Amino acid sequence: MKPIKSLQTEDLLVPAVETAPCSICGNEARYVEISFESPICSTDCAKRMWKQYVDTQVSRKYRTIESSAFFPETK
């Protein structure tokens with residue numbers, strides 16, 4: 001059996017107690033994405049949320065740090 005390469009977000013959605021605007025598109029959300037505890041309207045928006053998260057983490061990983069801000073100068 002081949003592994004599925006797409007994000008498996010369907011298992012992370014639970015029915016919401018109250019509706020709220022979707023964190024991604026603003027439509028009425030009837031689910032909560034439990035990893036982020038955010039209102040979400042569909043699996044498509046949940047996948048977009050995870051993609052945004054992954055993209056943010058990748059950009060954080062490669063951010064440059066000013067050496068003088070974190071390390072004292074040595075003489």
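Values below: all heavy atoms of this structure, side chains included; hydrogens, waters and symmetry mates excluded. Owing to the predicted nature of the structure, the values given are computational and were not obtained by experimental measurement.
Side-chain atoms of Thr19 never come within 3.5 Å of backbone atoms of Arg30 as a donor-acceptor pair (strictly under, hydrogens ignored).
Taken to the nearest 0.5 Å, the SG atom of Cys45 stands 7.0 Å off from the CG atom of Asn27.
Shortest non-hydrogen contact noted between Leu12 and Glu33 is CB-OE2, 3.2 Å. Heavy atoms only, all atoms of each residue included: Ile34 and Val14 are closest at CG2-CG2, 3.5 Å. Met49 and Ser38 make their closest contact through CE-CB, 3.7 Å (heavy atoms, listed as atom of the first residue, atom of the second, distance). For the pair Pro21 and Ala29, the tightest heavy-atom approach, listed with the atom from each and the gap, is C-CB, 4.2 Å. Annotation for Gln52 and Ile24: closest pair OE1-CD1, 3.7 Å, computed over non-hydrogen atoms. Pairing each heavy atom of Ile40 with each of Ala46, the nearest pair is CG1-N, 3.6 Å.
One finds no salt bridge joining Asp44 and Arg48 here, because no Lys/Arg side-chain nitrogen approaches an Asp/Glu carboxylate oxygen to under 4.0 Å.
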